Protein chains: 2
Amino acid sequence: MTPRRRDELLAAARELFLRKGYAATSIADIAAAAGASKAAVFYHFKTKESIAAELLESPFTAVSRLIERAEEQRLSPAQILTDYIDGAAETGAVFLAFASDPSTADLIPQYDADAACRRIIELLAGPAATPADRVRARAAFAVAQTVVPTLQEHAGLLDDATRQEIRAAALRALGTGGGS
Amino acid sequence: MTPRRRDELLAAARELFLRKGYAATSIADIAAAAGASKAAVFYHFKTKESIAAELLESPFTAVSRLIERAEEQRLSPAQILTDYIDGAAETGAVFLAFASDPSTADLIPQYDADAACRRIIELLAGPAATPADRVRARAAFAVAQTVVPTLQEHAGLLDDATRQEIRAAALRALGTGGGS
DNA sequence: GTCTATAAGGGGATAGAC
DNA sequence: GTCTATCCCCTTATAGAC
């Protein structure tokens with residue numbers, strides 16, 4: 001009932017997609033990293049794409065929900081950044097890694113990480129944003145993205161102090177007090 | 001004497017590497033984008049790698065020289081960030097794009113963009129850096145990297161005001177006055 | 001469920017005509 | 001210099017034995 005192998009393959013795929021990118025990772029790479037054969041991969045997953053889709057599903061819906069809440073409840077930039085950073089830290093930065101991997105553009109149309117990022121930046125910039133506002137919003141979002149390399153250096157774990165430090169830097173980059 | 005075709009191919013390759021990433025861009029893509037055949041690409045360039053190497057050479061040496069100067073003359077974080085952003089804006093952000101494309105890791109050992117980025121972050125963090133210092137240095141560097149999407153939105157041109165805005169956001173993220 | 005073997009296609013790269 | 005045609009390997013994906 002518990003297909004352990006499947007999880008090992010999924011974990012191997014995640015690690016490789018994060019380190020080498022989606023396009024540069026082959027099914028053979030994934031199989032070898034999990035100590036299995038290529039055919040085993042295709043027994044557990046229909047296509048290479050579907051592996052990416054499975055890895056991305058939960059992180060992507062988390063970000064989507066954040067965007068919805070931000071729009072409906074008019075969350076402040078500080079709240080958006082905090083939620084985004086916490087979510088990224090918890091889901092192991094898969095969303096960010098895929099969003100910044102150009103070879104995954106248009107891979108899974110339902111999970112358009114790039115569009116989600118652009119929307120978040122718009123929300124950070126505010127309703128009547130000037131070009132300068134957008135530059136600052138992009139800067140703040142870029143700081144939030146540093147959870148990826150930070151996670152990699154901290155062996156997949158982000159302590160609270162580090163998370164706060166990233167959040168503070170993002171807010172400073174945004175250049176506001178963080179209020180509504 | 002002036003092989004125009006070569007420059008067109010180089011320009012097409014740059015555009016595609018930036019948009020889709022190195023691994024996801026095929027020789028056929030490059031040839032089609034320049035209105036040529038695959039064989040034409042291999043007449044002008046020995047390998048696909050060599051195209052990347054040629055695109056990366058000038059931006060990489062610019063960054064290398066910045067690192068050398070920063071080490072020898074003990075440049076301040078503000079000076080390093082300013083130079084880096086200006087250099088990135090001038091070289092069309094090729095360096096940054098390759099540095100953030102995971103599929104180019106170890107492509108050209110001489111041009112290790114990732115190592116260069118880590119070195120710059122160390123220099124920004126300072127000699128006796130705490131973990132928090134490193135987080136802030138990474139944040140500032142991440143802000144500098146936003147020249148990539150910003151250039152893309154501004155059709156390859158960064159006006160002085162925008163450049164200053166990015167620079168200011170990076171310095172705020174770093175959390176210092178920008179002094180020595 | 002996992003394997004070996006293989007099909008089908010795309011990738012980088014070459015040969016040779018023009 | 002540029003093309004068409006081709007080579008060969010690697011990639012995704014499938015078939016079928018165990």
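Note: hydrogens, waters and symmetry copies are ignored here, and every other heavy atom, side chains too, is used. All values reported here derive from a predicted model rather than from experimental measurement.
The distance from atom CD1 of B:Ile51 to atom C1' of C:dG12 is 11 Å, rounded to the nearest whole Å. Note: OH (A:Tyr43) to P (D:dC18) measures 19 Å, nearest angstrom. Taking atom CZ on A:Phe45 and atom P on D:dT14, their separation rounds to 15 Å, with Å as the unit. Per the geometry, CZ belonging to A:Arg4 stands 13 Å off C1' belonging to C:dG1, to the nearest Å. Atom CG in A:Leu9 sits about 14 Å away from atom C1' in C:dC3, given to the nearest Å. The distance between atom NE2 of A:His44 and atom P of D:dT14, rounded to the nearest whole Å, is 15 Å.
By the 4.0 Å N-to-carboxylate-O rule, B:Asp7 lies too far from B:Arg4 to be salt-bridged with it.
Out of D:dT2, C:dG1, C:dA13, the shortest distance to the side chain of B:Ser37 is found at D:dT2. For A:Lys48, whose side chain is taken as the heavy atoms from C-beta onward, the closest listed nucleotide among D:dA13, C:dT2, C:dG12 is D:dA13. Distances were taken from every side-chain heavy atom of A:Arg5 (C-beta onward) to each of C:dT6, D:dT2, C:dC3; the shortest belongs to C:dC3. Checking D:dT2, D:dT4, C:dG12 against every side-chain atom of B:Ala39, the shortest atom distance belongs to D:dT4. In this structure, of D:dT2, D:dT12, C:dT2, it is D:dT12 that holds the atom nearest to the side chain of A:Phe42.
The aromatic rings of B:Tyr84 and B:Phe95 sit perpendicular to each other, their planes meeting at more than 60°, with 30° as the lower class boundary.
Rounded to the nearest 0.5 Å, atoms CD1 (A:Ile85) and CD1 (A:Ile80) are 11.5 Å apart. Considering NZ of A:Lys46 and CD of A:Glu54, their distance stands at 14.0 Å, rounded to 0.5 Å. Expressed to the nearest 0.5 Å, how far NE2 of A:His44 lies from CD of A:Glu8 amounts to 9.0 Å.
Using a 4.5 Å heavy-atom threshold, the side chains of A:Leu107 and A:Leu56 count as separate.
Listed in residue order, the members of residues 11-32 of chain B having a heavy atom less than 4.0 Å from DNA chain C are B:Thr25, B:Ser26, B:Ile27.
Distance alone, capped at 3.5 Å, is enough to place a donor-acceptor pair between the B:Thr104 side chain and the B:Phe98 backbone.
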